[in-house]
Structure formats: C-alpha cells, structure tokens
There are 2 protein chains.
Amino acid sequence: MATRVDHEERRTQIAEALLRIADTQGLQSASMRAVAAEAGVSLRLVQYYFTTKEALLLDALARLQSQLQARMNTWIGAAGTPPTPRSVVTAILSCIVPTDAESSRIARTYNGYYTLVLSDPDVLEKHGAAQPAILEGFLAKQIRAGQQAGDVAADKDPELTAAGLLAMVNGLGSSVLGGQRSGEDALAILRYYLETTLFT
Amino acid sequence: MATRVDHEERRTQIAEALLRIADTQGLQSASMRAVAAEAGVSLRLVQYYFTTKEALLLDALARLQSQLQARMNTWIGAAGTPPTPRSVVTAILSCIVPTDAESSRIARTYNGYYTLVLSDPDVLEKHGAAQPAILEGFLAKQIRAGQQAGDVAADKDPELTAAGLLAMVNGLGSSVLGGQRSGEDALAILRYYLETTLFT
DNA sequence: CATGTCGTGATACACATGTATCATGACAGT
DNA sequence: ACTGTCATGATACATGTGTATCACGACATG
C-alpha cells in the first residue's frame, strides 16, 4: 500500500490541518489526534512526519508567518501602483486587522502561539523569532520615507510612531476576536488615527 | 478537627492561589490540584468551596477585576489632587502597562482569561463582561472633559480616540509580556502618543 | 443524649494527551 | 530472488485532568 511518497506534501497537509484546527477551535485544541483526524491520516503518520508535537507546532508557525507575509505583499501591491509610503503604511496596518476570514484566522492563530510562548518561552528561541521587531523596523522606515515625501508630519518620531501603531492594531485585533467590536469598526478607528495624527 | 469555618475567607484563600499560579505559570497551569497545593489545602476542599472549576475561574476573575479597579483608583488618586482630566487619562492608560510586578501579574492573568474566552465564549456570558466597554466609555468621557478644560485638542473624536488608546496600551502590554520590549519602553511610547497627538 | 449537618480526607473513575512499541506490506537495490 | 528500508497501522503506556464517591470526626440543635 505504501509507495515512496512526497514528504513535503504530507507535511504540508498535516501542518495545514493544524492551522485549520487552530482557527476553528483554538490552538490548544490542536492535539496530535485531532490534527491527524483533520488531516485524514492516522496518529502514527503525524508522529512519523513530525516526530514530536513541538516540531509540528514550529513548522506550522513558520507556514503561518509565510502566509502573513504573502498577505502583506498582496495588500501592499493592491494599495496602489506605484506604492507610496502612505499607501504602504496603510496597507501593512490594515491587513493585520481581522476584517475577513483570512485575517481573522491569522490573528486567532497568532494569538494561540503568543499564549504558547508566554507559558513556555523556550519555544521562542528555537525559532528565528525577531519577526515583530523586523516588521516594526520596516514600518518605521516607511514612515521616514513618508516624511521625506511630505505625506507624514515631519515632527513624528518614526520608531515610536511605528511601535505605537503596531501595538494599536494588535490591540484592535484582540478586541475584534474577543467580540467587543466588528472588524470594520476596528478599521475605522485605525484609519481615524492615521488620518488625524500621522498623515498630513 | 473541623469546626465551623469562614467560607468567604477560604474562598479568598483558594481564589488567590489560582491567581498566583496564573501569574507565575499561566492560567492553563491552574489545575484544581495545582490550586489546592498552592493554597495548602486538599483537592476536596477546592471542590467543596467551588464545586466546579468554572465556578472557581469565574470567582477569581471577579477578584482580578476588583484588583485592577483598585489599582486604577489608586493611580488616579496619586496622579494629582485635584484630578484633572489630563491626569486621569494618563493614569488610567499608564497603570495598565506592565511596568511593575502588580501590573505584570494583572496583564498576564487577564491575557489567560482572554484566551479562555476565545476558546469557549460561553464563559463570557455567565459573567457581566461589558467591562472593557465601560472603561472605554469612561475614558471617552474624560477626554471630552479634557476638551472642555482645554487640555485636549478640540478636534479629536472622544470615542474613537479612547478606543484607539486602549487598544494601544493593550498591544503594548502584550509586547512587554512577550519580552519584545521593557515596560519602561512601552510607557515611553504611550507617553509620546499622549503628548504629541492628544494633549495640547 | 441523640441526630443530622458541616468540614475534610482518601481515593476512584473516566477520559484525553504525548509518546513509544510492535508488526507488516510494498518497493528498491543488489 | 533476497534483503533492507520506507510508509503505515494498531495499540500500549504513563501521566494529568475534572469530577464523583465513600467515609468519618466535630459540633449544634432538638
């Protein structure tokens, strides 16, 4: 029954099953057995292709990061050609807010991983995890470019502003996931801030 | 061995043990047995005074909310006499950011409950949970008062501004707990926003 | 003094979890 | 054709979980 098989394909199938469970039932419900069932394979196969649960979680996290990266690139591209600093900043921040199914899924799942890291900080180290800092730096650079282009108020500190805005979209995302407000409301709050305090 | 006993005292002792575990090891580690051990009582007693784990969690959450409320009142009082809208707004937002042991504890534990609610939204309903909305309304009212006092730029929308700022301190708190930056850095970012975009 | 309720302990139950072990069929290389 | 590695299944094991049950001593109330 078992010929040679494409390992990467199987790993993708299983990791995607985990991400699907993390979206619909939360990351804490993603047990090895649940992932196996969702992927339509036996428990043994999940072990076979990932050995340990931690390995599976880390692999799925890497895929999640790729997906967010791809989403950001798409949104930046769709925000206008050629992209201006202003449109890029708006796109980056907007595409994080959970307004559609994909962003909700990503936000939910990231939150699960965040909780995981809080309870076991070692996981973070086994993973090139400086990602939020990188994003923050990129955003700061865009803000600085916006200042030179005259789109952004010149007296703003790019680093502090970038950090504050990213924290805000993070917090807005949490409030949406928690059911406190809709994604559209969150987006309106973000846009209001950008228009009244950042852009000229 | 067992005389009549003060139920409320025992319940406090046990609920505080849960909050202590939630702080040091995360809410997901607060099993009935762990709470019993931390409180120095037997597993049976935890069941006796709280019947079910959900009841224990809800009771501890109510206590946590009281503690945050008390902290806010203290900070508001310490921010200046008489309190001005400006000092109240600053105090409310600042006291949420995890800069000392108590705020870190509260932020960590609230985050645990947040995760809990995400995975099981029913718990939220068994609990008068409109608390974040109330806080937001109060903050908006203070901002409006600040506008009338001339402390706050008159063209700001109080509701949108309050929502954005609360989301930001939330996000800043997450980044501090996640080890991305220090509490002081987070506070500096908040203060920068208040000075440059809110207060006149 | 009797009796029933209160406070407490020990322990059992049923279940879920991550991981490990054993077995077995299929195919590749010699 | 033989042999060993690959892919897969079934199942076992140890542990942790929330909850339930049984037992028993202490005290208040009649």
Side-chain angles (χ1 to χ4, degrees), chain A residues 1-22 24-61 112-113 115-117 119-120 122-123 126, chain B residues 1-22 24-61 112-113 115-117 119-120 122-123 126:
Chain A
M1 181 186 261
T3 322
R4 287 301 196 286
V5 119
D6 185 341
H7 270 225
E8 190 45 35
E9 185 184 358
R10 274 258 187 286
R11 287 172 64 91
T12 302
Q13 173 191 3
I14 295 173
E16 288 294 333
L18 183 144
L19 293 179
R20 233 173 299 134
I21 293 179
T24 57
Q25 306 164 242
L27 192 59
Q28 70 282 124
S29 300
S31 69
M32 297 290 261
R33 284 169 179 81
V35 171
E38 173 72 26
V41 301
S42 74
L43 169 60
R44 181 68 180 86
L45 283 206
V46 181
Q47 291 185 269
Y48 183 71
Y49 288 102
F50 289 98
T51 313
T52 180
K53 187 182 185 183
E54 185 180 10
L56 170 58
L57 284 169
L58 288 175
D59 186 271
L61 174 56
Y113 275 102
T115 302
L116 204 73
V117 169
S119 68
D120 176 13
D122 306 338
V123 180
K126 297 167 187 162
Chain B
M1 183 186 262
T3 322
R4 286 303 195 286
V5 118
D6 185 341
H7 269 226
E8 190 45 36
E9 186 184 358
R10 274 258 188 287
R11 288 172 63 90
T12 302
Q13 173 191 3
I14 295 172
E16 288 293 333
L18 183 145
L19 293 179
R20 233 173 297 134
I21 292 180
T24 57
Q25 307 165 243
L27 191 59
Q28 72 280 123
S29 299
S31 69
M32 297 289 262
R33 285 168 177 84
V35 171
E38 173 71 27
V41 302
S42 75
L43 169 61
R44 180 68 180 88
L45 283 205
V46 180
Q47 291 185 270
Y48 183 71
Y49 288 101
F50 288 98
T51 314
T52 179
K53 187 182 184 182
E54 184 180 10
L56 170 57
L57 283 169
L58 288 175
D59 186 89
L61 175 56
Y113 275 102
T115 301
L116 204 73
V117 169
S119 68
D120 176 14
D122 306 338
V123 181
K126 296 167 188 164

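Throughout, protein chains are lettered first and strands after them, A, B, ... in sequence-line order, and every chain is numbered starting at 1.
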- Message: Rounded to whole Å, please give me the gap between CG in A/L18 and P in C/dG18.
- Response: 10 Å
- Note on the structure: d(A/L19 CG, A/L57 CG) to nearest 0.5 Å is 9.5 Å
- Query: Heavy-atom contacts under 4.0 Å between residues 42-52 of chain B and DNA chain C, which residues?
  - Reply: B/S42, B/R44, B/L45, B/Y48, B/Y49
- Task: Take B/R33 and B/D6, find for each the nucleotide of DNA chain C with the closest heavy atom, and name the residue whose nucleotide sits nearer the 5' end.
- Result: B/D6
- In whole angstrom, give the distance that lies between atom CD of B/E54 and atom P of D/dT19. 9 Å
- Query: Atom CD of B/Q28 and atom C1' of D/dG18: how far apart are they, to the nearest Å?
  - Reply: 17 Å
- Task: Provide the closest heavy-atom pair for A/Y49 versus A/I14 in the form atom of the first, atom of the second, distance.
- Result: CD1-CD1, 4.1 Å
- Query: How close or far is atom P of D/dT17 from atom CG of B/L56, stated in whole angstroms?
  - Reply: 14 Å
- Starting at atom CG of B/L57, determine the distance to atom P of D/dT17, rounded to an integer number of angstrom. 13 Å
- Between B/L27 and B/Y113 the two heavy atoms that sit nearest each other are CD2-N, 3.6 Å
- Item | Interatomic distance where CD belongs to B/E8 and P belongs to C/dG7 [whole Å] | 14 Å
- Criterion side-chain hydrogen bond (donor to acceptor under 3.5 Å, both in side chains) on A/Q13 and A/R10, from CA distance to verdict: CA-CA 5 Å; A/Q13 173 191 3; A/R10 274 258 187 286; 3.3 Å; yes
- Query: Phosphate oxygens OP1/OP2 of C/dC6: is one of them under 4.0 Å from a side-chain N or O of B/H7?
  - Reply: no
- C/dT8 OP1/OP2 closer than 4.0 Å to side-chain N/O of B/R10: yes
- Task: Calculate the interatomic distance between A/M32 atom CE and C/dT17 atom C1'; express it in whole Å.
- Result: 10 Å
- For the residue pair B/A34 and B/I21, what are the closest heavy atoms and their distance? O-CD1, 3.3 Å
- Task: Give the C-alpha distance, both sets of side-chain angles, the deciding distance and a yes or no for side chain to side chain contact (heavy atoms under 4.5 Å, CB included) between A/Q28 and B/T115.
- Result: CA-CA 10 Å; A/Q28 70 282 124; B/T115 301; 4.0 Å; yes
- Item | Residue-phosphate contact under 4.0 Å: A/S31 side-chain N/O, C/dT17 OP1/OP2 | yes
- Query: Counting distance only, does the side-chain N/O of B/T52 pair as donor-acceptor with the main-chain N or O of B/A55 below 3.5 Å?
  - Reply: no
